[in-house]
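Here the structure comes first, spelled out in structure tokens, and everything after it is commentary.
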Amino acid sequence: MRELAYYEAKFEALDEIMAADQRVHLINGTFLSLSPHRHVFQNLAKKYGDRMMSPPISELGFCGLATGAAMAGLRPIVDLSTGSFIYEAWPQVANEAANAYSMSGGQTRVPVVFHLFHGLRGGGAAQHSGSPQAMLWNCPGLEIAIPSSPRDVKGLLKTAVASDNPTIFVDHVRLLDLRGEVPENDKPIPFGVADIKRAGSDVTLIATSHTVQVCLKAAEKLAKEGIEVEVVDPRTLVPFDLATILSSVEKTRRVVIADETHQSCGVAAEIAARIAETGFDKLKTRIRRVSTLDVPVPYSPPLEAHIGPSESRIIDAVRASVA
Amino acid sequence: MLPKLPRDNLLELCRRMFVIRHFEESLVPLHDKGVFGGHYHLYIGQEATGVPAISCLRSDDYLFTTHRNHGHLLARGAEPKRLLAEILGRADGLNKGKGGSFHSVAPTLGFLHSSGVVAGIIPLSTGTAYASKALKNGRLTVCLFGDGSLEEGAAPEAFNLASLNKLPVLFLCENNGKYGAGRAVAAGQSSSMAAYPLTDLPKAYKIPAQLIDGIDAGLVHATVSEAVEKIRRGEGPQFIEAQTVRWPGSETNWPSVPHPTDSSLAWDVSGVQEKAREWYRSCDPLLVFARELVEANQATKDDLASMERQVKTEIAAAVEFAVASPYPKPEEAERNFFA
Ligand SMILES: Cc1ncc(C[n+]2csc(CCOP(=O)(O)OP(=O)(O)O)c2C)c(N)n1
Ligand SMILES: [Mg+2]
């Protein structure tokens, strides 16, 4: 099967989306962030320049512009680049876009996509390493997609743009060079369908975004110790596929959740709560979380490495779970 | 002065001002009796801004409004009974009870979203304008907001975006704090905005901006018509500040009616309590408009009295409808928040 780098799959998705639907506009745009592949984006600019806008450095303003444009019939994709910058746009994302459909009694649709790069990136320090998806998950009215592979980024981006709801598209720069299978003419990936990234019978290891890749490596090492880990990737937080997770838990009866949001009220916290509420009787041991420690992200490399959901922390948690 | 319009149009403007006034006055006892809770904001005193301004628009134009939206919706022709049902949180409300006073919308009239976040609509209005420009559909956006909105960072960001992209949007700032009776009671506008006059702010972004008297229906009509024409010609955004004097009934935290409106007050305010008398004598835009109609022989006092009677009957029926409308089923709270 055809293999692509993650950034190529993402670029291919954008290209196909823009070719297929004239309503799609790109507001702000790096999409490849600081990666060495930024030039790929120039090809898009050549083809669709009239549907691309380079706004001033006004996240609040241009997220509002995109939201309003979505209300009036366009399908804008807004690139916030660094995820932490969405905090500048909070009023428009959390208080306008998320609420408009409900508070209009279902009359006003807001088909906008907010794209952002979250997480630990190597030297991002406290203000460029944010993972705002947990806070946004606490904000009903937003869909949240969070890919972890080349195939998923393409399929989920298509569904995000096709959705009639405001969608947060959570991406990670550490995925950009990852290679993986992406079939030609692949179908969009529906929201709310988790993916078993690796089958296993001993522990259910739930992860999102780049941490899925870390978990897959950890799983290979654990397999050598005789521990078979099942890696489950929800792929979207809203809607959330609890059923797939519960059926995995039914089999393994052990759960570890690894994720880059901070521990308190983080993504792992919510997933743990849902499993505990509905699947407690299936569990043989307590649920374990491997989240980013509850501190502002420090700059220095060993400090940054220390706080994240690293392979060694994940391995320790899985071992403790089967002990 | 009166707008330069045929008599029928003038009378229709007058009727809509009466609708707004009596609608708004009817809310106060409903609130005080506990028929609805929650804060609410009345448009009394600003009728001669919203009504003539909105009459200058095409039926497919977009409008955004704020917490003080009732007057704008009614000026555009929203049904009083459905707006009232919304404010009472009923199933027949414009938004099926999910929005309330703060968020009443009417997409068929061009109101897609009303925000209770001060300045929340200003960036959004650049978005509908951006979409209209991209889709080349000639639709204009009017963004109606209060003077306080300029204190939020969203305003200058949106002005910059609108100006750089020559977006077809009219920023209509309703400054209801003339003579400093606004948010900071007895303080001047300059106590909360260093950019003063307020038109300095849009002008810094090269948006043509004018300051007008919002009590003068004719001036509002002429200024907005001209601005709308320029925007439709592709000249980019325009800004108008319309100044009105705050209605004494909204100087308190919760609105109270100092004196029920009757068109006869246009000629005799002696019955109004002294504290509010001057406002009704010289600052009430509805009474100013009524006087002008009669002085210009466009209507008699009797014409106005009978028009007002009809409006009062209509509002009474709207109250009856809204009060009788059922509440939504509680389970509806868990539904329909995604498309
Ligand atoms: C972001 C935000 N901050 C504060 C408030 C509380 N608030 C409601 S109305 C208002 C005053 C707004 O003044 P202005 O924009 O002039 O409108 P007016 O009420 O005078 O029509 C304030 C501060 C709010 N709704 N939103
Ligand atoms: Mg004000």
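Letters A, B, ... mirror the listed sequences (proteins, then strands); counts begin at 1.
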Most chain A-contacting option - heavy-atom pairs closer than 4.5 Å, from [options]:
options: B/L161, B/N336, B/L164; result: B/L161
options: B/G99, B/A106, B/A158, B/G120; result: B/G120
options: B/F337, B/Y130, B/F159; result: B/Y130
options: B/E157, B/E86, B/E332; result: B/E157
options: B/N165, B/T141, B/L124, B/L112; result: B/L124

Within the supplied structure, the quantity of interest is the number of heavy atoms (other residues, nucleotides, ligands) at a distance under 6.0 Å from B/E320 CD; does it exceed 12?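 Check fails, neighbour count at 12 or below.
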Where do A/E16 and A/K158 land on the salt bridge (charged side-chain N to carboxylate O under 4.0 Å, His left out) test, with the steps shown first? CA-CA 9 Å; A/E16 289 176 14; A/K158 287 197 162 178; 2.4 Å; yes
Would you please indicate yes or no on a ring centroid separation below 6.0 angstrom for B/H31 and B/Y40?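 B/Y40 vs B/H31: aromatic centres under 6.0 Å.
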In terms of side-chain heavy atoms, does A/Y87 have a donor or acceptor partner in A/Q127 at a distance below 3.5 Å?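 There is no such pair between these side chains.
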Region of [X] that comes under 4.5 Å of a non-hydrogen atom in chain A:
X: B/S114; value: backbone
X: B/Y62; value: side chain
X: B/L167; value: side chain
X: B/F102; value: neither

Charged N-O contact under 4.0 Å between [X] and [Y]:
X: A/R235; Y: A/D152; result: yes
X: A/R51; Y: A/D21; result: no
X: A/K47; Y: A/D15; result: yes

Checking A/Q92 against chain B: side chain, backbone, both or neither under 4.5 Å from a heavy atom?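 Contact with chain B involves the side chain of A/Q92 alone.
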Residue part contacting chain B, namely of A/E143, when any heavy atom lies under 4.5 Å: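 When you check distances to chain B, atoms from both the backbone and side chain of A/E143 fall under 4.5 Å.
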Please identify, among A/L142, A/I27, A/V110, A/I57, the residue contributing the most non-hydrogen atom pairs under 4.5 Å to chain B.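 Result: the option with the highest number of such pairs is A/L142.
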Could you tell me whether B/R90 sits above the aromatic face of B/Y327, with NZ or CZ closer than 6.0 angstrom to the six-membered ring centre and within 45 degrees of the axis?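 So B/R90 does make the cation-pi contact.
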